[in-house]
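For reference, the structure is listed below as C-alpha cells.
Because the structure is predicted, anything quoted here is derived from the model rather than measured. The figures here come from the full heavy-atom set of this structure, side chains too, leaving out hydrogens, waters and symmetry mates.
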Amino acid sequence: MNKKPNSAKGVNSYDSTSTGTLIPFFNRNVSEYPTEAGGIKFELVPVTKQKDLMINHARMYAQQEYDRIMQLVEVLEKQAQDIRRRLEITDAVHAAEYQFQLVMGNCYWLVWSTRKQKTLLVLTGPTGWSTGKPIDYEYIAQVKYMGDHTWMEIDE
C-alpha cells in the first residue's frame with residue numbers, strides 16, 4: 001500500500017497494522033474499549049442478554065401488531081357474514097310470491113304458507129292481525145327493502 005504513516009495527521013491518531021493491513025486514522029480516544037495492553041478495565045457487553053432483550057421486544061411488538069390485524073380480520077369476517085346473509089334473504093324474497101308494489105325502506109314479512117306450499121312476502125306481521133295470524137302461516141323473518149335493491153333481515 002502506498003499510504004504514509006499517520007495519514008490523518010491527528011494528535012491522538014495513528015495508523016494501525018494490527019490486522020495485517022493498514023487501518024488509517026485509528027483513534028483510541030473514540031473507541032469505547034481500550035485499544036492497548038494495560039488500558040483501563042471495562043465490562044464486556046452481555047451480547048446474549050442484549051439479543052434476548054431485542055428478540056423479546058421484537059416479539060412483543062410483532063404480537064401486538066398481529067393481534068390488531070386479527071381484530072380487523074374479525075370485523076371483516078362479520079361484515080362478510082352480514083353481506084352473505086343479505087344475499088340469502090334477497091334470494092329468498094325474490095323467490096317469494098307477492099301481490100303488491102314494493103317500496104324501498106319499508107318492512108315486510110317472509111312467511112311459509114303450509115296451505116299453498118310456498119314462500120310468500122306479506123305486509124302484516126304475526127302480531128298485526130286483528131283476529132290472529134292465519135293458521136297456515138309460519139313466519140320466517142321480517143325483512144326491509146334497502147336502497148341498493150337488496151333485502152336485510154330485521155331483528156326485533
Side-chain angles (χ1 to χ4, degrees), residues 8 10 12-13 16 18-21 23-35 39-156:
N12 295 322
S13 66
S16 174
S18 63
T19 61
T21 59
I23 303 171
F25 190 63
F26 184 80
N27 187 340
R28 66 175 169 247
N29 291 335
V30 296
S31 175
E32 58 184 298
Y33 302 115
T35 58
I40 61 170
K41 183 179 176 187
F42 66 95
E43 295 295 323
L44 293 175
V45 173
V47 175
T48 306
K49 183 178 179 181
Q50 290 295 325
K51 284 182 178 180
D52 287 345
L53 289 173
M54 288 188 298
I55 198 164
N56 287 340
H57 281 109
R59 287 182 188 275
M60 180 182 72
Y61 290 119
Q63 186 65 47
Q64 287 174 346
E65 190 66 14
Y66 177 81
D67 292 343
R68 189 184 66 79
I69 289 170
M70 292 311 292
Q71 287 174 345
L72 294 173
V73 167
E74 288 175 12
V75 169
L76 291 174
E77 283 178 345
K78 171 90 170 79
Q79 289 175 342
Q81 290 170 355
D82 291 346
I83 290 170
R84 181 181 299 128
R85 182 65 180 154
R86 272 177 84 166
L87 292 173
E88 290 170 356
I89 292 294
T90 298
D91 289 343
V93 169
H94 285 288
E97 183 179 292
Y98 56 91
Q99 303 294 327
F100 51 86
Q101 182 69 36
L102 299 173
V103 178
M104 281 187 196
N106 282 5
C107 293
Y108 304 94
W109 289 89
L110 271 176
V111 298
W112 173 254
S113 174
T114 54
R115 185 171 50 89
K116 295 182 179 180
Q117 291 295 303
K118 60 173 79 173
T119 305
L120 305 174
L121 186 67
V122 296
L123 296 165
T124 309
T127 59
W129 299 92
S130 59
T131 59
K133 73 176 183 127
I135 197 162
D136 62 326
Y137 278 11
E138 293 177 11
Y139 281 85
I140 300 170
Q142 185 179 17
V143 294
K144 184 175 184 177
Y145 191 29
M146 305 303 290
D148 60 356
H149 299 284
T150 62
W151 292 81
M152 183 171 68
E153 185 173 12
I154 304 295
D155 295 326
E156 289 190 56

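Taking the salt bridge (charged side-chain N to carboxylate O under 4.0 Å, His left out) definition, one finds that Arg84 meets it with nothing, sequence neighbours left out. Partners of Glu153 under the side-chain hydrogen bond (donor to acceptor under 3.5 Å, both in side chains) rule, at least two apart in sequence or in another chain, are Arg85. Legend: residues meeting ring-ring contact (aromatic ring centres under 6.0 Å, His included) with Tyr139, ordered by chain and number and at least two apart, are Trp109. For the salt bridge (charged side-chain N to carboxylate O under 4.0 Å, His left out) test, residues two or more places apart in sequence or in another chain that qualify with Lys78 are Asp82.
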Validation: residues 55-63 side-chain donor-acceptor distances under 3.5 Å, sequence neighbours left out:
| from | atom 1 | to | atom 2 | distance (Å) |
| --- | --- | --- | --- | --- |
| Asn56 | ND2 | Asp52 | O | 3.2 |
| His57 | ND1 | Leu53 | O | 2.9 |
| Gln63 | NE2 | Asp67 | OD1 | 2.9 |

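When ring centroids are compared, Tyr145 and Trp151 come within the 6.0 Å threshold.
Between Ile140 and Val111 the shortest side-chain heavy-atom distance does not fall below 4.5 Å. Inter-residue side-chain proximity for Val93 and Leu102 is flagged as unmet; no heavy-atom pair is nearer than 4.5 Å.
Residue Leu72 holds its CG atom at 5.5 Å from CZ of Arg68, rounded to the nearest 0.5 Å. With values rounded to the nearest 0.5 angstrom, Leu76 atom CG is found 10.5 Å from Met70 atom CE. Atom CD of residue Gln81 and atom CD1 of residue Ile83 lie 11.0 Å apart, to the nearest 0.5 angstrom.
Here the shortest heavy-atom pairing between Asp136 and Arg115 reads OD2-CB, 3.1 Å. Nearest heavy-atom pair across Leu121 and Phe100 is O-CE2, 3.2 Å. Residues Lys133 and Tyr137 share a closest heavy-atom pair of NZ-O, 3.2 Å. Taking every heavy atom of both residues into account, Leu120 and Ala96 meet most closely at C-CB, 4.0 Å.
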Exercise for the section: Apply the test side chain to side chain contact (heavy atoms under 4.5 Å, CB included) to residues Lys144 and Tyr108: give CA-CA distance (whole Å), side-chain angles for both, the deciding distance (0.1 Å), then the verdict. Expected result: CA-CA 6 Å; Lys144 184 175 184 177; Tyr108 304 94; over 6 Å; no
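Pairs of residues two or more places apart, or lying in two chains, that qualify as side-chain hydrogen bond (donor to acceptor under 3.5 Å, both in side chains) and include a residue from residues 90-105 are Glu97-Lys118.
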